[in-house]
Amino acid sequence: MPAPKKLFVKTYGCQMNVYDSERMTEALGVSGYQETKVVEDADLILLNTCHIREKAGEKMYHELGRLRALKKSRPTLKIGVAGCVAQAEGAEIIRRMPIVDMVVGPQSYHHLPELARRAELGAKIVDTEFPLEDKFDHLPRGPKSKSAPSAFLTIQEGCDKFCSFCVVPYTRGSEVSRPPVNIVREARQLIERGAVEITLLGQNVNAYHGAGGLTLSQLIRQLAQIDGLERIRYTTSHPKDMDDDLIAAHAEIAKLMPSLHLPVQSGSDRVLKAMNRQHGAESYLRTIEKLRAARPDIALSSDFIVGFPGEEEADFQATLDLCREVGYAMAYSFVYSARPGTPAAGKVEIPAEICSDRLHRLQSLLSAQQLQFQQAMVGRVLPILIEKPGRESGQMVGKTPWLHTAHFNASETTKGSIRTAKIIRSDKNTLAAELLQ
Ligand code: SAH
Ligand code: SF4
Ligand code: F3S
């Protein structure tokens with residue numbers, strides 16, 4: 001028997017890419033590729049890339065630059081670029097970086113085993129089609145590379161919102177929801193492989209629309225019936241699609257975890273309008289009020305963009321005001337990055353010093369809120385989903401319902417079990433806990 005070919009995958013960007021990388025690894029596993037963590041051992045290197053901000057795209061070119069020497073020393077090595085840069089730049093990538101053998105967009109991953117075969121024979125390939133079939137249905141499932149208590153499951157892809165700054169509608173295409181039967185089947189498979197928590201993924205997950213008009217809240221109600229599935233999360237949601245039944249689900253379904261990522265981007269109506277966000281600051285705050293009425297302990301997180309073209313100090317102040325009003329458990333914030341092909345690209349940009357000053361001020365407020373939220377956990381008794389051994393011996397690490405990492409000493413504990421623990425201390429990025437018997 002020939003020695004198995006080795007596959008090395010590097011993933012950039014969002015959780016959707018993490019999920020896709022796992023599925024690609026499995027699919028290539030079926031055609032004889034074994035995953036390796038050592039890049040020098042690889043016969044095929046796949047970079048699963050992100051195009052969301054300029055820096056994200058540059059990372060891929062830097063990595064390819066580093067791989068040049070490896071390719072030179074091993075000419076049989078094949079290099080593939082997948083993900084959102086592949087979709088956005090297509091053949092341009094091979095033109096700029098001739099060491100690349102294969103460019104494959106996110107909607108063509110089910111072609112990957114065939115494309116890899118052709119690349120092995122020396123072909124240069126660009127596949128950035130948007131085929132009609134559900135790629136996940138056509139991606140062969142193999143033995144999973146890793147079985148973890150917490151798993152991702154993509155249920156919806158693409159975006160029809162067209163925020164004026166964002167590449168996603170172009171790189172991932174228009175909104176497509178997977179059929180509920182496939183999702184339920186995959187959830188059961190994941191549970192059989194040891195998952196206890198499932199995070200439903202979609203670029204616009206709460207715009208999910210399954211067969212017969214099934215909504216996300218209805219899908220969650222179905223999934224909550226599955227024995228062995230203890231925790232359900234979903235991300236990322238758009239404020240406009242946070243409907244009343246989904247909010248009600250947070251009150252009714254104990255398995256639905258009390259944290260929600262609901263990006264607002266800005267607190268200024270003027271900026272939100274220029275961003276084409278299709279919601280205002282007021283309507284966002286009303287949604288949060290309803291969520292908190294349904295589930296008083298719900299923790300909110302968000303994404304922010306500062307320095308969007310036309311943002312004035314008063315607009316930025318409105319963003320700070322909104323943060324103070326909401327009180328976030330966690331948030332990501334970014335300086336606006338113009339993306340070629342998006343409607344906002346080409347608009348007059350805010351000077352870099354002003355952007356970084358605003359980012360700095362926003363981030364100090366957000367980290368203070370994050371710290372306060374984390375410290376408020378001390379003294380509480382919480383259910384912790386045990387995920388893996390900790391850094392020190394005799395230590396285990398798990399996750400609270402609010403996504404904090406907690407570590408504690410334990411002589412025996414099973415990965416994937418949910419145990420009650422008392423939080424005794426808040427460290428920099430983690431909580432220290434004590435198991436209660
Ligand atoms: N679907 C998600 C967003 C995915 S992108 C949503 O609608 O919220 C993740 C985050 O990246 C966005 O929420 C936004 O804050 C940020 N982002 C997207 N495009 C950007 C750009 N051009 N410049 C800076 N940040 C950007
Ligand atoms: Fe991008 Fe807006 Fe779609 Fe989110 S909703 S993916 S920010 S276009
Ligand atoms: Fe990046 Fe594409 Fe995700 S641009 S954030 S990898 S959808």
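We use all heavy atoms of the structure for the numbers below, so side chains are in, but hydrogens, waters and symmetry mates are not. In each ligand, atom 1 is the first atom listed, and ligand 1 is the first ligand listed.
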(Q) Among all protein heavy atoms in this structure, tell me which lies nearest to atom 7 (O) of ligand 1, with the distance rounded to 0.1 Å. (A) Arg277 NH1, 3.8 Å

Q) Given that the side chain starts at C-beta and the backbone is N, CA, C, O, which of these parts of Met16 lies under 4.0 Å from ligand 3, counting heavy atoms, or is it both or neither? A) neither

**Q.** salt_bridge(Asp245, Arg221) N-O dist < 4.0 Å
**A.** yes

Q) Where does Gln265 meet ligand 1, judged by heavy-atom distances below 4.0 Å: at the side chain, the backbone, both, or neither? A) side chain

Q: Count the heavy atoms of every other residue, nucleotide or ligand shown that sit under 6.0 Å from CD of Gln189, and state whether that count exceeds 12.
A: yes

Q: Return the orientation label for the Phe165 and Phe308 ring planes: parallel under 30°, perpendicular over 60°, tilted otherwise.
A: perpendicular

Q: Find all atoms of ligand 2 within a distance of less than 4.0 Å from any non-hydrogen atom belonging to Pro169, and give their numbers and elements.
A: 8 (S)

Q) Would Cys159 count as a contact for atom 1 (Fe) of ligand 2, in the sense that one of its N, O or S atoms lies under 2.8 Å from it? A) no

Q. Near Cys84, which atoms of ligand 3 are under 4.0 Å from a heavy atom of that residue?
A. 2 (Fe), 4 (S), 6 (S), 7 (S)

Q) Got a protein heavy atom sitting under 4.0 Å from atom 18 (C) of ligand 1? A) yes

Q. Thr236: heavy atom below 4.0 Å from ligand 1, yes or no?
A. yes

(Q) Protein non-hydrogen atoms only, distance under 4.0 Å: does atom 3 (C) of ligand 1 have such a neighbour? (A) no

Q) What atoms of ligand 2 come within less than 4.0 Å of a heavy atom belonging to Cys166? A) 1 (Fe), 6 (S), 7 (S), 8 (S)

Q: Taking the six-membered ring of Tyr33 (Phe, Tyr or Trp), confirm whether the NZ or CZ of Lys5 is under 6.0 Å from its centre and within 45° of its axis.
A: yes

Q | Atoms in ligand 3 flagged as close to Asn17, the criterion being non-hydrogen separation under 4.0 Å | A | 6 (S)

Q) More than 12 non-hydrogen atoms from neighbouring residues, nucleotides or ligands closer than 6.0 Å to NZ on Lys388, yes or no? A) no

Q: State whether Glu387 and Lys399 are salt-bridged, where the test is any N-O pair (Lys NZ or Arg NE/NH1/NH2 against Asp/Glu carboxylate O) under 4.0 Å.
A: yes

(Q) Out of Glu175, Arg277, His238, Lys240, who is nearest to atom 7 (S) of ligand 2 when you count heavy atoms only? (A) Arg277

Q: Would you check whether Asp303 has a nitrogen or oxygen atom less than 3.5 angstrom from a nitrogen or oxygen atom of ligand 1?
A: yes

Q: Can you establish whether the number of heavy atoms outside Glu54 located under 6.0 Å from its atom CD is more than 12?
A: no

Q: State plainly whether the residues Lys10 and Glu63 are in salt-bridge range, i.e. N to O under 4.0 Å.
A: yes

Q. Of the backbone atoms (N, CA, C, O) and the side-chain heavy atoms from C-beta on, which set of Phe165 has a member under 4.0 Å from an atom of ligand 2: side chain, backbone, both, or neither?
A. side chain

Q: In sequence, state the C-alpha distance, the side-chain angles, and the governing distance for Leu272 and His279, and then conclude on side chain to side chain contact (heavy atoms under 4.5 Å, CB included).
A: CA-CA 7 Å; Leu272 288 170; His279 62 80; 3.9 Å; yes

Q) For ligand 1, is there an N or O atom under 3.5 Å from any N or O atom of Gln203? A) yes

Q: Work out whether the distance between some heavy atom of Arg172 and some atom of ligand 2 is less than 4.0 Å.
A: no

Q) In the protein, what heavy atom is nearest to atom 8 (O) of ligand 1, and what distance, to one decimal place, separates them? A) Pro263 CG, 3.1 Å

Q) In terms of heavy-atom contacts, does CZ of Arg391 have more than 12 from other residues, nucleotides or ligands at under 6.0 Å? A) no

Q. What do you reckon, is CD of Glu129 surrounded by more than 12 foreign heavy atoms closer than 6.0 Å?
A. no

(Q) Does the structure place the NZ or CZ of Arg361 under 6.0 Å from the centre of the six-membered ring of Phe316, at an angle of no more than 45° from the ring's axis? (A) no

Q: Please identify which atoms of ligand 3 are closer than 4.0 Å to at least one heavy atom of Gln203.
A: 7 (S)

(Q) Is the contact between Lys240 and ligand 1 made by the side chain, the backbone, both, or neither, using heavy atoms and a 4.0 Å cut-off? (A) neither

Q: State if Asn204 counts as touching ligand 1 under the rule of any non-hydrogen atom under 4.0 Å.
A: no

Q. Which heavy atom of the protein is the closest neighbour of atom 4 (S) of ligand 3, given with residue, atom name and distance?
A. His51 N, 3.3 Å

Q) When you check the gap from the basic side-chain N to the acidic O, do Arg178 and Glu186 get nearer than 4.0 Å? A) yes

**Q.** Protein contact to atom 3 (Fe) of ligand 3 [nearest heavy atom, distance to 0.1 Å]
**A.** Cys14 SG, 2.3 Å

(Q) Taking 4.0 angstrom as the limit and counting only heavy atoms of Phe162, give me the atoms of ligand 2 inside it, by number and element. (A) 8 (S)

Q. For ligand 1, which part of Phe165 has a heavy atom less than 4.0 Å away: the side chain, the backbone, both, or neither?
A. both

Q.
Only heavy atoms of Cys50, strictly under 4.0 Å: list the atoms of ligand 3 that pass.
A. 1 (Fe), 4 (S), 5 (S), 6 (S)

Q) Is it the side chain (CB and beyond), the backbone, both or neither of Ile52 that lies under 4.0 Å from ligand 1, heavy atoms counted? A) both

Q: Cation-pi check, Arg96 to Tyr61: give yes when NZ or CZ is under 6.0 Å from the six-membered ring centre and within 45° of the ring axis, no otherwise.
A: yes

Q: Mark yes when over 12 heavy atoms from residues, nucleotides or ligands other than Arg74 sit less than 6.0 Å from its CZ; otherwise mark no.
A: yes

Q) Taking NZ, NE, NH1 and NH2 as the nitrogens, is one of them in Arg292 or Asp297 under 4.0 Å from a carboxylate oxygen of the other? A) no

Q. Among protein heavy atoms, which sits nearest to atom 2 (Fe) of ligand 2, and what does the distance come to when rounded to 0.1 Å?
A. Cys163 SG, 2.2 Å

Q. How does Thr236 reach ligand 2, by side chain, by backbone, by both or by neither, if only non-hydrogen atoms under 4.0 Å count?
A. neither

**Q.** Part of Ser337 within contact of ligand 1 (heavy atoms, under 4.0 Å)
**A.** both

Q) Which atoms from ligand 2 have a heavy atom of Asn204 less than 4.0 Å away? A) 3 (Fe), 5 (S)

Q) Taking the six-membered ring for Trp, are Phe373 and Trp402 parallel (under 30°), tilted (30 to 60°) or perpendicular (over 60°)? A) perpendicular

Q: Determine, using ring centers only, whether Tyr234 and His250 are less than 6.0 Å apart.
A: yes

(Q) Against ligand 1, does Val335 come closer than 4.0 Å with any heavy atom? (A) yes

Q.
Taking distance alone, with N or O pairs closer than 3.5 Å, would you say Arg53 contacts ligand 1?
A. yes

Q) Can a salt bridge be assigned to the pair Glu114 and Arg117 using a cut-off of 4.0 Å between side-chain N and carboxylate O? A) yes

Q: Under 4.0 Å from a heavy atom of Arg339: give me the atoms of ligand 1 that qualify, with their elements.
A: 22 (N)

